[in-house]
Each structure stands twice: as structure tokens, then as C-alpha cells.
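Shown next, in C-alpha cells, is the structure this report addresses.
All heavy atoms count here, side chains included; hydrogens, waters and symmetry mates do not.
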Amino acid sequence: ESLKDAGNELTREKLLDIVVKAPNQIRLRALVSLARPGMDYVFFQQLSERIERARTDGRVRLIQLRDDLLEMTSEHDKQIEIRIKSAKDLLDKILKEDDISLATQKNLPLIDEFFIQEVNSALASANKEKNQESVLKLEKVINVIQQASSASQAIAFFEALLEAPDDQTRLEFLEKNQKMLT
């Protein structure tokens, strides 16, 4: 909520204030996972400057906070690296299959934003290198993911329709979402 409240005006200084005010380790971990890109060298430099200005108990607390944040960001970065490697390995595995579309469908539960980023990165590289064979394979993967995505939107639409409390609400919902009716 504190990050959301800061919105587009979130600066390193505001992020630092939010982190310093975090009441516990759970909140710190959540902040690291949500705002890791903002916790860069400059962020830690600003935290170190605050430590230099602080006195006694406040100084000890900020030093411990910095140590905790360094450990948490390191753990977070390692987890991200693992997920990226896993996405690369999955993509390589799918691309080696004879039936890429079927292999992609079988692995849909494993596909996440890291996989999508890896596919997009591989597609950009293949286009840059003018590797048409790779482009075609990657486009097959993308097509299966897009089909699965549109199917999940249809399911969400019908679930919302079924959850409507009465006929009038259902009719209003249908009127508002006519684009979904095919």
C-alpha cells in the first residue's frame, strides 16, 4: 500500500523512507520483491548517508537494516537468476521438440513472465540475426501462449457472469462486455 500510495512519484528517497519505516522483516521482504529495481547503488548510498547522520540507537538500527536489505536483495537476485535460467532451459527444451506447439501446450503451467521475456528476447535476437527458422519456431510458441491467454479471458468472463447475483446484473454485465461475446 505504501508503494501504491507513492505511485508515479516514487523516488529513491521516498522508497528509502518507506523501507526505514517498515515495521518488520516480512514487510522488508515484500518491499524488496516489489521495488528491487529501485534498490540500486544510489539507494544504498543514500542509506549509508543516513547512517552517517544518525546517532546511537538509530545508527545501529539503520546499519542492521542495511545489512538485512543487502542480504534480501542478494537472495532476491539469486531467485531471479534461477527463474531466468529455468525459463531459458524450458524454452530450449520446447524448441528442440518436433512438435513445438504441442510441447508448448504441455508446458503451459510452467510458463510465466520470465518465460515470456525469454521468448521475446530470443525472437528479437533471431530477427536481428535474420534466422528465419528460429523466428518461425518462436512464433509457434507465441501463438500457443496467445491462444491459451485468450481462453483464460473467456473463462474469467463466464465465471464473472455466473457469479452475478441476479438476472438484471447479468444483463448489465453482458451489455458492458459485448466485445467478449463471440
Residues that Gln168 engages under side-chain hydrogen bond (donor to acceptor under 3.5 Å, both in side chains), provided they are two or more places apart |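 Gln168 satisfies side-chain hydrogen bond (donor to acceptor under 3.5 Å, both in side chains) with Glu172 only.
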
Set of residues satisfying side-chain hydrogen bond (donor to acceptor under 3.5 Å, both in side chains) with respect to Gln79, sequence neighbours excluded |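 Residues passing side-chain hydrogen bond (donor to acceptor under 3.5 Å, both in side chains) with Gln79: none at all.
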
Quick one: name the residues clustered hydrophobically with Leu31, using the 4.5 Å side-chain heavy-atom rule over I, L, V, M, F, W, Y, and just say none if it's on its own.
->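 Same cluster as Leu31: Leu3, Leu10, Leu15, Leu16, Ile18, Val19, Val20, Leu28, Val32, Leu34, Met39, Phe43, Phe44, Leu47, Ile51, Leu62, Ile63, Leu65, Leu69, Leu70, Met72.
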
Going from [atom1] on [X] to [atom2] on [Y], what distance comes out if it is rounded to the nearest 0.5 angstrom?
| X | Y | atom1 | atom2 | answer |
| --- | --- | --- | --- | --- |
| Glu97 | Leu95 | CD | CG | 10.0 Å |
| Lys106 | Leu108 | NZ | CG | 12.0 Å |
| Ile111 | Ile116 | CD1 | CD1 | 6.5 Å |
| Thr104 | Phe115 | OG1 | CZ | 6.0 Å |
| Ile94 | Lys137 | CD1 | NZ | 12.5 Å |
| Arg59 | Glu52 | CZ | CD | 5.0 Å |

Would you name the heavy atoms of [X] and [Y] that are closest together and state the gap between them?
| X | Y | result |
| --- | --- | --- |
| Arg12 | Gly38 | CG-O, 3.9 Å |
| Ser101 | Lys140 | OG-CB, 4.1 Å |
| Arg66 | Ser48 | NH1-OG, 3.1 Å |

Backbone of Ser121 reached by a side-chain donor or acceptor of Ser125 within 3.5 Å =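 Present.
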
Is it true that, when you exclude [X] itself, more than 12 heavy atoms of the residues, nucleotides or ligands shown sit nearer than 6.0 Å to its [atom1]?
| X | atom1 | result |
| --- | --- | --- |
| Lys14 | NZ | yes |
| Ile26 | CD1 | no |
| Gln45 | CD | yes |
| Glu133 | CD | no |
| Asp57 | CG | no |

Evaluate the side-chain contact (heavy atoms from CB on, under 4.5 Å) criterion for residues Val144 and Ile100: first the C-alpha distance (whole Å), next the side-chain angles of each, then the deciding distance (0.1 Å), finally the verdict.
-> CA-CA 9 Å; Val144 171; Ile100 292 172; over 6 Å; no

If the threshold is 4.0 Å, N to carboxylate O, is there a salt bridge linking [X] and [Y]?
| X | Y | value |
| --- | --- | --- |
| Glu118 | Arg83 | no |
| Asp167 | Arg170 | yes |
| Arg29 | Asp68 | no |
| Asp89 | Lys85 | yes |

Can Glu1 and Arg27 be said to form a salt bridge (charged side-chain N to carboxylate O under 4.0 Å, His left out), step by step?
-> CA-CA 11 Å; Glu1 287 296 317; Arg27 180 79 52 89; over 6 Å; no

Single-linkage hydrophobic cluster, 4.5 Å side-chain cutoff, Leu110 and Val141 together |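 Same cluster: Leu110 reaches Val141 through Ile, Leu, Val, Met, Phe, Trp or Tyr contacts under 4.5 Å.
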
Begin from the C-alpha positions of Thr169 and Asp166 and carry the test side-chain hydrogen bond (donor to acceptor under 3.5 Å, both in side chains) through to its verdict.
-> CA-CA 5 Å; Thr169 307; Asp166 55 47; 2.7 Å; yes

Do [X] and [Y] make a side-chain contact, defined as non-hydrogen atoms from C-beta onward lying under 4.5 Å apart?
| X | Y | answer |
| --- | --- | --- |
| Val135 | Gln132 | yes |
| Ile80 | His76 | yes |
| Asp77 | Arg36 | yes |
| Leu91 | Leu138 | yes |

